[in-house]
Amino acid sequence: MIKFLDLHKINERFRPDFEEKIKKILDSGWYLQGEENERFSQDFASYCGVKHALGVANGLDALNLIIKGYGFGSEDEIIVPANTFIATILAISENGCRPVLVEPDINTYCINPELIEEKITPKTKAIIVVHLYGQATPMSKIWELADKYHLKVIEDAAQAHGAIYQGRRVGNLGDAAAFSFYPGKNLGALGDAGGVTTNDSELYNKIKALANYGSDRKYHHIYKGVNSRLDELQAGFLDIKLKYLDSDNCRRREIAKYYREKIKEPKIILPQVENEEAHVWHIFAVRCSEREKLQTYLEQRGIQTNIHYPTPPHHQGAYAEWKDLSFPISEKIHKEMLSLPISPVLTDSEIRELVEIINEF
Ligand SMILES: *Cc1c(COP(=O)(O)O)cnc(C)c1O
C-alpha cells in the first residue's frame with residue numbers, strides 16, 4: 001500500500017537524535033521556556049530571514065496571537081481567502097473581527113490578488129494570505145494594496161515552510177506570519193506546535209507577553225493574555241528536523257516534477273507552478289470532475305489519497321450565517337480536488353507505481 005503520509009517513516013529517520021534530546025531534557029529537568037526554545041527560535045528566525053521567531057502552542061494560536069497583538073477587534077474587517085483550512089477564519093472570528101472572504105485563483109489556489117481591492121472598506125485592517133498546499137501566494141499586488149490602504153499583511157504559512165517568493169522565504173513576506181508545526185506539516189513536531197515570525201520588534205514583544213499570560217516578567221501582567229507556549233521537547237525535536245527541511249522539500253519537488261511530467265490522464269488537472277522554488281508541495285493537489293470515482297479507484301489499488309478540503313468554510317455549520325453566500329471557484333476546488341501522496345520518504349518505485357495506476361484511470 002502507498003500511504004498518504006507515513007509519519008512513522010518520516011520521524012524514524014531522526015530516532016537517535018530524538019532519543020538523545022529526550023535524555024538531555026530529562027536530565028536538565030527544565031520543560032518550558034528554556035534553551036531549546038531559545039535555540040529553535042533563533043534557528044527558525046534565521047532560516048526564514050526574519051528578526052524574530054516565537055514558538056507557541058499551535059498554528060491556530062499563532063494566527064490568533066498576531067491578530068490580538070495588533071489589537072484588531074470588533075468592527076474590524078480582515079480579508080482572507082474563501083478556500084482555506086478553517087483555522088485561518090476561526091482566528092479572525094475569535095478576535096471578534098469580521099472575515100471578508102475573497103475567491104482564490106483557480107491556477108494557484110491562493111487568494112486572487114485581483115479580487116481584493118473591491119472588498120476593501122474603511123474598516124479593513126489586514127489581508128491574510130494563505131500559502132495553500134505549500135505554494136507562496138503571489139505577493140506583489142498584495143504589497144501594493146497594503147501600502148495604498150495602510151493594511152497589515154499577515155501570512156498563514158502553516159503549509160509552506162521554506163517556500164521562496166522573489167528571493168524571500170515565506171514568514172518574511174508580510175508584517176507577521178503564523179506557522180503550524182502539526183505533525184503532518186512539512187516541518188512537523190511530535191505533537192502540537194506553532195510559531196510566529198516577524199520583523200516588528202514591538203509586535204514580537206507584545207505577542208511574547210500575550211502568549212505567556214500577558215506578562216512581560218513573572219507575575220507582572222500587562223495584557224489579558226493566554227497560555228500558548230511551545231514546550232522544550234517539541235522545540236528540541238523541531239530544531240533537529242529544521243536542518244533537514246530543505247532536503248525534504250527538495251525531494252518533494254522532485255516527486256512533484258515527476259508527477260507533473262508523467263501523469264498523462266486527460267481527466268486529471270495537474271497543479272501549475274510559475275516558479276519551482278515558490279512551492280514546497282505540502283500537498284500535491286489535482287482536480288478531477290470525477291473526484292469520488294478517482295479516489296475509490298486509487299483506494300482499491302492500494303493508494304491512499306485525501307481531500308483538502310471536502311467542505312468550504314462558508315458551508316460549514318460553524319458559519320451557518322454564511323450558508324447562502326456563493327463562492328463558485330472555491331466551491332469548484334472543494335468539489336474537484338484530490339491530494340495524491342507526496343512526502344520526503346516516498347520511494348522511486350512507489351511514485352512510478354502511482355503514476356502507472358493513475359494513467360490507467
Ligand atoms: C494546519 C493549518 C493551520 C492550523 O494549525 P494547527 O497547528 O493545527 O493549529 C492553520 N492554517 C492552515 C492553512 C493549516 O494548514
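Side chains are part of it too, since the values below use all heavy atoms of this structure and drop only hydrogens, waters and symmetry mates. One-based numbering, in listed order, for ligands and for the atoms of each.
- Counting only non-hydrogen atoms, the option in D156, L63, L60, V56 that gets closest to atom 13 (C) of ligand 1 is D156.
- Between Q159 and ligand 1, at least one N/O pair is under 3.5 Å apart.
- Between S180 and ligand 1, at least one pair of N/O atoms sits closer than 3.5 Å.
- The distance criterion of under 3.5 Å between nitrogen or oxygen atoms is not met by F181 with respect to ligand 1.
- Taking distance alone, with nitrogen or oxygen atoms compared against 3.5 Å, A87 stays at or beyond that limit from ligand 1.
- Between K24 and the choices E35, E19, E232, the salt bridge (charged side-chain N to carboxylate O under 4.0 Å, His left out) rule is met once, by E35.
- A 4.5 Å side-chain heavy-atom check between L190 and N11 finds at least one atom pair inside the cut-off.
- Close contacts between ligand 1 and V130 involve ligand atoms 13 (C) [criterion: under 4.0 Å to a heavy atom].
- Using bins of under 30°, 30° to 60° and over 60° for the plane-to-plane angle, the ring pair H52/Y204 lands in the parallel bin.
- Numbered from 1 in the order shown, with element, the atoms of ligand 1 that lie under 4.0 Å from a heavy atom of N58 read 7 (O), 9 (O).
- Counting only heavy atoms from C-beta outward, the side chains of H131 and H282 never approach each other to under 4.5 Å.
- Heavy-atom contacts of A158 reach the following atoms of ligand 1: 2 (C), 3 (C), 10 (C), 11 (N), 12 (C), 14 (C), 15 (O) (cutoff under 4.0 Å).
- In this structure, Q234 and A189 approach most closely via the heavy-atom pair OE1-CB, 3.1 Å.
- In L132, neither the side chain nor the backbone holds a heavy atom less than 4.0 Å from any atom of ligand 1.
- Every N/O-N/O distance between D192 and ligand 1 stays at or above 3.5 Å.
- For K185, the heavy-atom gap to ligand 1 drops under 4.0 angstrom.
- For the pair K206 and Y223, the cation-pi test (distance below 6.0 Å, angle within 45°) is passed.
- Judged by distance alone, with hydrogens and angles left aside, the side-chain atoms of E155 form a donor-acceptor pair with the main-chain N or O of G174 at under 3.5 Å.
- Shown here are the side chain to side chain donor-acceptor pair (under 3.5 Å) partners of Q295, two or more places apart in sequence or in another chain: T305.
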